[in-house]
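For reference, the structure discussed in these notes is given below.
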4 protein chains.
Amino acid sequence: MLNRIILIGRLTADPELRYTPQGTAVARFTLAVNRPYTNQGENEADFIDIVVWQKLAETAAQYLKKGRLTAVEGRLQIRNYENREGKRVRVAEVVADSVRFLDRGESNGTNSGQGRSFADDRHIDINDDELPYSRRNNDPFEGGHIDINDDDLPF
Amino acid sequence: MLNRIILIGRLTADPELRYTPQGTAVARFTLAVNRPYTNQGENEADFIDIVVWQKLAETAAQYLKKGRLTAVEGRLQIRNYENREGKRVRVAEVVADSVRFLDRGESNGTNSGQGRSFADDRHIDINDDELPYSRRNNDPFEGGHIDINDDDLPF
Amino acid sequence: MLNRIILIGRLTADPELRYTPQGTAVARFTLAVNRPYTNQGENEADFIDIVVWQKLAETAAQYLKKGRLTAVEGRLQIRNYENREGKRVRVAEVVADSVRFLDRGESNGTNSGQGRSFADDRHIDINDDELPYSRRNNDPFEGGHIDINDDDLPF
Amino acid sequence: MLNRIILIGRLTADPELRYTPQGTAVARFTLAVNRPYTNQGENEADFIDIVVWQKLAETAAQYLKKGRLTAVEGRLQIRNYENREGKRVRVAEVVADSVRFLDRGESNGTNSGQGRSFADDRHIDINDDELPYSRRNNDPFEGGHIDINDDDLPF
DNA sequence: TTTT
DNA sequence: TTTT
């Protein structure tokens, strides 16, 4: 009924982008999320699989790279399926609805021409109007922007 | 760049529903969120203002009632504005994108005829296709449902 | 570097309580977390394994029961180990540092004599002074309670 | 009953560190949390006040600086008090129990001599044994580290 | 199977 | 009162 997870970690490898037979984009990557420092000195991490769909998948595949510090928001999904050997397999993965990278790119020019959201904030979000699952955290109004401090606000 | 808050508490009063001049629905209510037990024995709580917009506002106004145990997800917004006396006022409120109630209704019949989401799960969400800010946590596919365990999945 | 998950769901069975050879209590249970309503009408859920340690393990084992609506906070842990057949196994589980139940008990008397935290709030937390990993969300002062609205507060 | 907020933003100024009459350290700073990109192009942010106590206050004051990208976890607290003019004032602030900075320091030597948690991970946490409100996310065992993959584990 |  |  409520299932929300927030992670910050580094990509263990570049994302893999694929398409379903129906043409839907899916990207996957793994986040190494370091556990709090243990006195043992060893470097423990949880390696957590992330899945992103559609437009966000393509954007993630384009900008996220191995080693990048990245914040992910989503829900934890436990999938049970039968593999080709007929064995029951349990898979845990985070279905992300928001992905942002937190360190500056290596300035290799890849980001040139990007809008403000990358040049300045380096966040990727699924705020894409044509997407069915689009989430707009910002202003919830359809057309013209409305300042919710307006005197005509009902509260 | 990341701003997420999750609360569970009880409504201090019935929600207030209003409309902007443009006809957009807005609802407000306050959640009393008890702090962890303090040895003093006193019952301390944080009274946190919640705002919900559009379709979710109308649903919240219809089903949430004073005293209901409710879970809210959203972002914390700090608004600065000038009041009618010309004084600078700071307001903190949670703009919710998900609201669910956690206790069964008092069986007063209000919920009869409701779909599964209320009869069984009693969650309200903004999974509404026509909404511009719609967030669909569930299946991110547009048309027909696709089982992501399908063998034709690219991973 | 940041790993936080918040879940609300129902126990699929009573918790199992065990002890390590060193005498440390560990409890495990599974939470069925319903996914947002899908138009298909089917009742999909993620079955998420929860682990709790020490004092919280014993409290959880005592009060949580199959079917109870429960909120859990913790971190997602991915464990890799070799099972008795020498095969590599990956396990995903939530290590909870806070567990609260959200529905009233069935009044079977089990809770009688409980302090306010159960009788009133029905939350379990690891706010236990003698615990090494104790987390106190409430007042961060050691000895006597200090009202942080006190005039002598430095801010 | 549940109150958790996670933020990523930049300090608007260096933290202010003070002490209560009882000698308890308190630090305050403000986080500018940019809202998702609005097509208007304007740069909107929520300016959210953060409070940290005790040891974490001193560490935050030492390492956090104006402009630093920082992740904060805590609870939203609404405080009502009477100011010196006898007026009722409402204050919203996040009481943080975890603070980490996400960008590398400017290598001004301030961090030299730091242990791994700063040199490598640059996270600050309240994992301090002597603190009453200490939260240890890592291994919940007091003395020697126990590998929870050990064969003698009860599950 | 893994990141800094 | 504000950050990049």
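Proteins come first, then strands; the chains are lettered A, B, ... in the order of their sequence lines, and each starts at number 1.
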For [X] and [N], give me the distance from atom [atom1] to atom [atom2], rounded to whole Å.
{"X": "D:Arg10", "N": "F:dT1", "atom1": "CZ", "atom2": "P", "result": "23 Å"}
{"X": "A:Leu11", "N": "E:dT1", "atom1": "CG", "atom2": "P", "result": "19 Å"}
{"X": "D:Leu7", "N": "F:dT4", "atom1": "CG", "atom2": "P", "result": "18 Å"}
{"X": "A:Phe101", "N": "E:dT3", "atom1": "CZ", "atom2": "P", "result": "20 Å"}
{"X": "D:Arg35", "N": "F:dT2", "atom1": "CZ", "atom2": "C1'", "result": "14 Å"}
{"X": "A:Asp46", "N": "E:dT4", "atom1": "CG", "atom2": "C1'", "result": "16 Å"}
{"X": "B:Leu2", "N": "F:dT3", "atom1": "CG", "atom2": "P", "result": "21 Å"}
{"X": "A:Asp49", "N": "E:dT2", "atom1": "CG", "atom2": "P", "result": "13 Å"}

(message) Side chains of D:Leu76 and B:Asp46, heavy atoms from C-beta outward: is any pair under 4.5 Å?
(response)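 They are not in side-chain contact.
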(message) Looking at D:Asn34 and F:dT3, is any side-chain donor or acceptor paired with a base atom of the opposite kind under 3.5 Å?
(response)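 Looking at the base of F:dT3, it does pair with a donor or acceptor on the side chain of D:Asn34 (distance under 3.5 Å).
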Nearest-nucleotide pick for [X], side chain only, options being [options]:
{"X": "A:Thr30", "options": "E:dT2, F:dT4, E:dT4", "value": "E:dT2"}
{"X": "A:Ala32", "options": "E:dT3, F:dT2, E:dT1", "value": "E:dT3"}
{"X": "A:Thr12", "options": "F:dT2, E:dT3, F:dT1", "value": "E:dT3"}

(request) With sequence neighbours left out, write down each residue that passes salt bridge (Lys or Arg N to Asp or Glu O under 4.0 Å) with B:Arg88, or none if nothing qualifies. (result)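 Residues passing salt bridge (Lys or Arg N to Asp or Glu O under 4.0 Å) with B:Arg88: B:Glu82.
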(message) Under 4.0 Å, heavy atoms only, any strand: does D:Ala45 hit a base, just the sugar-phosphate, or nothing?
(response)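 Answer is base: heavy atoms of D:Ala45 come under 4.0 Å of a base.
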(message) Just to be sure I understand the rule, does B:Arg90 reach a base, reach only the sugar-phosphate, or reach nothing, if contact means heavy atoms closer than 4.0 Å?
(response)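 It contacts base atoms.
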(request) Please answer whether E:dT1 and A:Phe47 are stacked, defined here as ring centres separated by less than 5.5 Å and planes angled under 30°. (result)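 The base of E:dT1 is not stacked with A:Phe47 (the test needs centres under 5.5 Å and planes under 30°).
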(request) List the atom of D:Gly9, the atom of B:Met1, and the distance in Å for their closest heavy-atom pair. (result)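 Looking at all heavy atoms of both residues, the closest pair is CA-SD, 4.3 Å.
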(request) Report the residues that fulfil side-chain contact (heavy atoms from CB on, under 4.5 Å) with D:Asp49, sequence neighbours left out, ordered by chain and then residue number. (result)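 With sequence neighbours excluded, D:Asp49 shows a side-chain contact (heavy atoms from CB on, under 4.5 Å) to B:Arg90, D:Thr30, D:Glu93, given in chain and number order.
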(request) Go through D:Lys65 and D:Asp103 one step at a time and tell me if the salt bridge (charged side-chain N to carboxylate O under 4.0 Å, His left out) criterion holds. (result) CA-CA 11 Å; D:Lys65 295 291 166 223; D:Asp103 46 8; over 6 Å; no
